[in-house]
Amino acid sequence: MLATLGSGRVDVDERAVADLAKRLRGELVRPGDAAYDQARRVWNGSISRFPGLIARCATRDDVIAAVRFARSSNVLVAVRGGGHSFPGSSVCDDGLVIDLSPMNGIRVDPETRTARVQAGALLGDLDRATQQHGLAAPSGIVTHTGVAGLTLGGGLGWLMRKYGLSIDQLLSVDMVTADGGFVRASATENPELFWGVRGGGGNFGIVTEFEFRLSQVGPIVMAGPVFWPGADSAKVLRFYRDWIAEAPDELMTMVVHRRAADVPYVPAELRGQPVVAVISCYAGPVDDGEKVIRPLQAFGSPVLDLCRPKPFLEHQAMFDASYPPGWWYYMRSCDVAELSDEVIDITADHAARITSPLTAFPIWQGGGAAARVGEDDTAFHGRAAGHTFNITAATEGADGFERERDWVRSFWSDLEPFHTSVYVNFLMDEGEERVRQAYGEAKYTRLRALKRAWDPENFFRLNQNIRPLPASG
């Protein structure tokens with residue numbers, strides 16, 4: 001018995017399941033199989049779901065076969081790339097998980113400065129492949145994040161102020177549609193669909209391959225965090241606000257509040273103490289980066305300065321240990337226009353209340369190249385945002401999780417008067433109205449029309465869902 005697209009169950013013919021297994025070059029994993037328990041797990045440990053079937057797809061034809069099986073059997077489908085969906089949309093109870101993780105091939109062409117990336121690849125895979133040629137595509141900040149989910153939602157990262165969001169360097173996508181067909185989308189081929197996948201998530205089909213434009217980055221960059229005592233948060237944020245006012249596009253920063261981690265590079269007396277850090281990444285010549293970042297390093301009395309020339313690959317992985325698979329995560333997000341005195345005071349107040357040694361929340365700097373792309377050029381919404389708050393709490397398991405979740409909600413609520421927009425990739429399961437806010441009314445209506453064109457029955461619904469407009473006439 002498998003879950004249906006509605007709220008019921010369907011008794012799927014075993015012969016149809018066996019036929020699907022035969023068609024796959026990958027493997028079909030079922031409850032009770034040795035691989036099942038690991039295959040059903042996702043990054044956020046607070047999500048524990050039990051799919052009826054997991055199709056581990058090795059090729060695009062595997063994806064097509066899985067979609068056609070689900071359509072013919074009326075089975076609920078979740079699509080998994082890297083499994084990093086914050087609310088756990090990449091796994092479902094009793095339905096079919098179409099797992100793209102075996103499809104992780106990457107082909108880099110250093111002559112044309114492009115890369116073709118399969119949908120199961122992780123950010124670290126992409127970074128390693130491109131950096132062999134001194135190139136990079138804008139991506140995120142945790143290397144075990146999936147390229148697919150990150151890109152389809154927009155793609156914030158260390159290169160966004162210099163080279164834009166991930167979608168701003170996206171040239172084309174290959175996609176399996178809701179009827180089990182195949183389509184390619186680019187600026188010249190199915191341009192409206194290409195507009196929609198650049199920010200609209202997995203609502204319109206399963207992207208099986210991405211084509212990115214690459215830019216020269218590194219291999220050495222001036223990057224890393226500078227730490228101050230948590231009690232100095234308000235003073236640091238006010239200095240930071242002024243310091244980044246004239247920041248060049250090459251400089252991308254974020255502010256992180258947490259309790260100092262128990263790791264070898266943190267002095268023993270600092271571990272567990274509240275700290276505020278400004279992390280920088282200068283996507284340009286190291287000498288220029290040293291000059292630009294020097295005033296930050298000289299401000300106040302830092303307790304630890306780890307900002308230095310380093311391989312870009314090393315910097316890309318610096319947050320991996322802070323967000324490992326299996327911890328329990330809860331987050332709420334919002335964009336704000338600026339770090340006003342009121343926003344700074346609210347931030348400093350709530351940062352001082354962090355109790356979990358694992359909780360660390362980033363405030364992302366906006367502006368630069370990402371903000372100069374036309375607001376209507378892609379489905380992504382909120383390019384004018386000054387800063388993005390990703391208020392994230394983490395615990396090792398259930399112990400203390402409810403307390404941390406309440407802290408997140410309280411912090412987010414106190415910032416509510418200053419909300420301007422929200423990044424769709426940072427949403428939990430927050431309902432239709434929040435999805436509407438993530439796109440704005442005009443874009444949301446346009447996306448609903450696109451959904452009607454490509455997925456009128458809302459087959460792809462386990463996502464930040466955009467419901468199709470009703471059929472006209």
Side-chain angles (χ1 to χ4, degrees), residues 57-64 67 79 81-82 98 100 103-123 125-127 129-130 133 135-140 145-157 159-160 163-217 369-370 373-374 376-380 383 424-425 443 446-447 450-451 453-455 460 463 466:
C57 298
T59 67
R60 182 175 71 205
D61 286 345
D62 283 5
V63 177
I64 291 172
V67 168
V79 181
I98 299 179
L100 308 175
M103 299 172 58
N104 56 16
I106 298 172
R107 303 189 303 278
V108 176
D109 186 336
E111 297 300 320
T112 61
R113 291 192 174 186
T114 58
R116 298 196 66 89
V117 183
Q118 289 187 308
L122 305 182
L123 301 190
D125 301 329
L126 177 58
D127 290 335
T130 55
H133 308 282
L135 302 171
S139 63
T145 305
V147 171
L150 175 93
T151 302
L152 292 172
L156 306 187
L159 301 179
M160 60 186 277
Y163 296 116
L165 308 174
S166 298
I167 55 172
D168 298 333
Q169 301 299 332
L170 185 63
L171 297 174
S172 69
V173 296
D174 291 352
M175 177 184 289
V176 174
T177 58
D179 61 0
F182 169 75
V183 68
R184 179 168 288 125
S186 68
T188 57
E189 192 173 0
N190 296 301
E192 182 69 3
L193 178 60
F194 190 54
W195 175 86
V197 298
R198 287 178 292 165
N203 272 283
F204 312 108
I206 301 175
V207 174
T208 57
E209 188 164 286
F210 300 81
E211 181 186 15
F212 291 101
R213 181 189 301 111
L214 305 176
S215 301
Q216 187 170 359
V217 175
V373 175
D376 294 331
D377 288 356
T378 64
F380 180 88
R383 289 183 180 273
V424 69
N425 276 354
K443 282 188 180 180
R446 184 176 171 183
L447 287 164
L450 189 64
K451 180 77 166 178
W454 290 97
D455 185 15
F460 298 112
N463 45 40
I466 298 166

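What you see is a predicted model, and the numbers here were worked out from it, not measured in a lab.
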- Task: Check Ile206, Leu100, Val176 against Arg60 for a side-chain contact (heavy atoms from CB on, under 4.5 Å) and give me the one that passes.
- Result: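 Single pass found, and it is Val176.
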- Message: Taking side-chain contact (heavy atoms from CB on, under 4.5 Å) as the criterion, tell me which of Ile167, Val108, Val147 meets it with Phe212.
- Response: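 For Phe212, the side-chain contact (heavy atoms from CB on, under 4.5 Å) check succeeds only for Val147.
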Would you please name every residue forming a side-chain contact (heavy atoms from CB on, under 4.5 Å) with [X], sequence neighbours left out?
X: Ala185; value: Val173, Asn190, Leu193, Phe194
X: Leu152; value: Val197, Val207, Phe210
X: Ala178; value: Arg71, Asp455, Phe459, Phe460
X: Asp109; value: Glu111, Thr112, Thr114

Run the side-chain hydrogen bond (donor to acceptor under 3.5 Å, both in side chains) test against [X] and tell me which residues pass, sequence neighbours left out.
X: Asn463; answer: Asn465
X: Gln169; answer: Arg213
X: Asp376; answer: none

Test your reading of the model: is there a side-chain donor-acceptor pair from [X] to the backbone of [Y], 3.5 Å cut-off?
X: Asp62; Y: Ala58; answer: yes
X: Thr151; Y: Ala148; answer: no
X: Tyr163; Y: Gln216; answer: yes

- Message: For Asp61 and Thr59: C-alpha separation, side-chain torsions, deciding distance, then whether side chain to side chain donor-acceptor pair (under 3.5 Å) applies.
- Response: CA-CA 5 Å; Asp61 286 345; Thr59 67; 5.1 Å; no
Using 0.5 Å steps for rounding, measure from the [atom1] atom of [X] to the [atom2] atom of [Y].
X: Met175; Y: Thr208; atom1: CE; atom2: OG1; answer: 9.0 Å
X: Leu214; Y: Thr130; atom1: CG; atom2: OG1; answer: 6.0 Å
X: Leu123; Y: Ser166; atom1: CG; atom2: OG; answer: 7.5 Å
X: Ile466; Y: Lys443; atom1: CD1; atom2: NZ; answer: 11.0 Å
X: Ser139; Y: Leu126; atom1: OG; atom2: CG; answer: 6.0 Å
X: Asp179; Y: Ile64; atom1: CG; atom2: CD1; answer: 10.0 Å

Sequence neighbours excluded, which residues qualify as salt bridge (charged side-chain N to carboxylate O under 4.0 Å, His left out) partners of [X]?
X: Glu189; result: none
X: Arg116; result: Asp174, Glu209, Glu211
X: Asp168; result: Arg383
X: Arg446; result: Glu192

Residue pair [X] / [Y]: nearest heavy atoms and the distance that separates them:
X: Val217; Y: Leu159; value: CG2-CD1, 3.9 Å
X: Ile106; Y: Ala129; value: CG2-CB, 3.8 Å
X: Leu447; Y: Ala379; value: CD2-CB, 3.9 Å
X: Gly164; Y: Pro138; value: O-CB, 3.4 Å

- Check step by step if side chain to side chain contact (heavy atoms under 4.5 Å, CB included) holds for Leu122 and Thr145. CA-CA 6 Å; Leu122 305 182; Thr145 305; over 6 Å; no
- Item | Phe204: partners by ring pair (Phe, Tyr, Trp, His ring centres under 6.0 Å), with sequence neighbours left out | none
